[in-house]
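Below: the structure, in structure tokens.
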Amino acid sequence: MFGNILIWFVIVPILMMAGLACCGNSNMKAIRGVMVAGSTVLLAMAIWLVVDFLAQRAGGNTAEMLYTGSWLWYAPLNIHLAVGVDGISVMMLLLSAIIVFAGTFASWKIDPLPMNFFLWFCLLSTGVFGFFISIDMFTMFMFYEVALIPMYLLIGVWGTGRKEYSAMKLTLMLMGGSAFLMLGLLGIFWHSAPEGGQLTWNILEISHNASIDPSWQRMLFCFTFVGFGVLGAMFPFHTWSPDGHACAPTAVSMLHAGVLMKLGGYGCFRIAIFLCPQGANELAWIFIILTGISVVYGAFSACVQTDLKYINAYSSVSHCGMVLFAILMLNTTAMTGGILQMLSHGLMTALFFALIGMIYGRTHTRDIREMGGLMKIMPYLGVCYMIAGFASLGLPGMSGFVAEMTIFFGAFEHSDLFHRCFVIAATCSIVITAVYILRVVGKLILGPVHDEHHLSLTDATWWERLSTVTLIACLAGIGFFPNWINEIIRNSFAPIISAIQTAI
């Protein structure tokens, strides 16, 4: 077991938690040492995994999943700790590692109870990494729940504003989505075996051997897509997201919007579409309507907000809606754009929330009506915020442009009026996004100084610069050099597309 590299993505955060528990809340130097060492190891493992994955593919390894391993966990229900990754999983692991690394430095001076904060932060990371490496549905669901549970305390204790209300709302709505998801997973499990065969939770075995009745597929697709769609902020189940983001501490907002919401999109295509392809083919139009509303509604809602975190939170509703919208197009081009959008939005929104936390830590306000002229006061943070804004509105050369154009090209491959109308509506969100991004940049960064007390504020520290530079470099890397990501993920959709074509 311990010889499998994927297992260490779960073991390292657990070891970090053990190290933190030995530090105590007063020894900040030791706490930082544990977090920096652990997050650096995770990032190094993720980078090595990407390089080795590319090398194995170039060497002719065409297996559906690489680095696979399976260990029996609970025999009566045939539950295994089964792991494996394809190109999409590898990129999600890299994204998670980058944001955990950047979030560590963004929370360099977290207070109070820093040890407890980072301990729950590591537990959240454990759930995220475990989810992306799992190919057993039960184990995947377990890690999914492990990732959700710490959010209540991280927001309720270390958050701001109406933190207790937001933490409770987030927890209840996501647990409601988990109930739908569990029903869907149980239904797939009970239909997972061919006649006379053994029931299994293994996603690959189900896709290869099971033949779920179309009438059951329709119902199970709805349960699983809604269950995961709640975490992906799909309309009308999105209302937990703005409140949760607005009240969460900086690093939690970064990991929550940057990675945790991606569990929703990842689960939708890995389970809902892959295992219920006929149900997806017949009912995708319903969820295209809902996700299309998310894309436009989220952008319009961001336009009328005055709180920086709420602006970014509603922007996340729009961008995550774009991910689900792309997945529902059920073709390789659009799905590739959806994965690029996951990566782009994860990095971009993490950068936004990091910068908002840094600005709030100095000005003690997030209201854009009370701020202005930050380029004059703190030019480094001002430039970084503009870069994040340009990535959000899809400026060529940034990751957002590559992702959104790929989605729209793929979605426009459908020639019917229904799909074309919703593609045009989703495209309009680009214009709406430009409106609120330019409005905020003009007022916050380039406008006159609103409060003279802000003139004495300082610019970013070294640890804040390290966090932001890491994220900006990744955004530009995807924007200028997207082909290496396509090289990683291009074969990952083949089994899903094959299942959809068979269903059609």
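Small disclaimer: the values here were computed from a predicted structure and weren't measured. Position 1 is the first residue of the sequence, and the numbers go up from there.
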Does any non-hydrogen side-chain atom of [Y] lie less than 4.5 Å from one of [X]?
X      : Y      : result
Leu148 : Thr171 : no
Ile88  : Tyr266 : yes
Leu275 : Ile203 : yes
Phe138 : Leu77  : no
Leu81  : Ile7   : yes
Phe287 : Val226 : yes
Leu172 : Trp240 : no
Phe132 : Val90  : no

Between [X] and [Y] (side chain of the first, backbone of the second, donor and acceptor by atom type, cut-off under 3.5 Å), is there such a pair?
X      : Y      : value
Lys262 : Ser96  : no
Asp136 : Ala82  : no
Ser392 : Ala388 : no
Ser467 : Ala102 : yes
Asn331 : Gly410 : yes
Lys309 : Phe353 : no
Asn78  : Trp201 : no
Ser492 : Gly87  : yes
Ser125 : Phe121 : yes
Ser344 : Leu340 : no

Find the distance between [atom1] ([X]) and [atom2] ([Y]) and round it off to the nearest 0.5 Å.
X      : Y      : atom1 : atom2 : answer
His238 : Met261 : NE2   : CE    : 10.5 Å
Ile271 : Cys276 : CD1   : SG    : 9.5 Å
Ser39  : Ile99  : OG    : CD1   : 13.0 Å
Met140 : Phe131 : CE    : CZ    : 5.0 Å
Ile485 : Thr336 : CD1   : OG1   : 11.0 Å
Ser89  : Ile133 : OG    : CD1   : 10.0 Å

Tell me, with the steps shown, if His319 and Thr349 meet side chain to side chain contact (heavy atoms under 4.5 Å, CB included). CA-CA 10 Å; His319 285 99; Thr349 198; over 6 Å; no
Are Phe352 and Tyr385 near enough that their ring centres are under 6.0 Å apart?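 Centroid distance Phe352-Tyr385: below 6.0 Å, so yes.
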Test of ring centre spacing under 6.0 Å for Phe228 and Phe225: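 No, they do not, as the ring centres are separated by 6.0 Å or more.
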Do you know which two heavy atoms are closest between [X] and [Y], and how far apart they sit?
X      : Y      : result
Ala167 : Gly156 : CB-N, 3.8 Å
Trp8   : Leu15  : CZ3-CD1, 4.4 Å
Ala302 : Tyr314 : N-CB, 3.8 Å
Val100 : Thr104 : O-OG1, 2.8 Å
Ile327 : Gly265 : CD1-O, 3.4 Å
Tyr144 : Ser178 : CE2-OG, 3.5 Å

Side chain to side chain contact (heavy atoms under 4.5 Å, CB included) assessment of Leu42 paired with Phe9: CA-CA 7 Å; Leu42 286 169; Phe9 280 98; 4.2 Å; yes
Indicate whether any N or O donor in one side chain lies under 3.5 Å from an N or O acceptor in the other, for Ser315 and Asn312.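 No - no donor-acceptor pair under 3.5 Å links their side chains.
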Decide whether Ser316 and His345 meet the rule of one side-chain donor and one side-chain acceptor closer than 3.5 Å.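 Yes.
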Would you say that more than 12 heavy atoms from the other residues, nucleotides or ligands in this model lie under 6.0 Å from the CZ of Phe408, or not?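 Check passes, neighbour count above 12.
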Out of Leu54, Leu6, Leu94, which one pairs with Leu49 under the side-chain contact (heavy atoms from CB on, under 4.5 Å) rule?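 Passing option: Leu6.
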Would Phe221 and Ile273 count as a side chain to side chain contact (heavy atoms under 4.5 Å, CB included) if you check the C-alpha gap in whole Å, the side-chain angles of each, and the deciding distance to 0.1 Å? CA-CA 7 Å; Phe221 171 75; Ile273 293 177; 4.0 Å; yes
Stepwise side chain to side chain contact (heavy atoms under 4.5 Å, CB included) test for Met254 and Leu471: CA-CA 11 Å; Met254 292 171 66; Leu471 297 170; 4.1 Å; yes
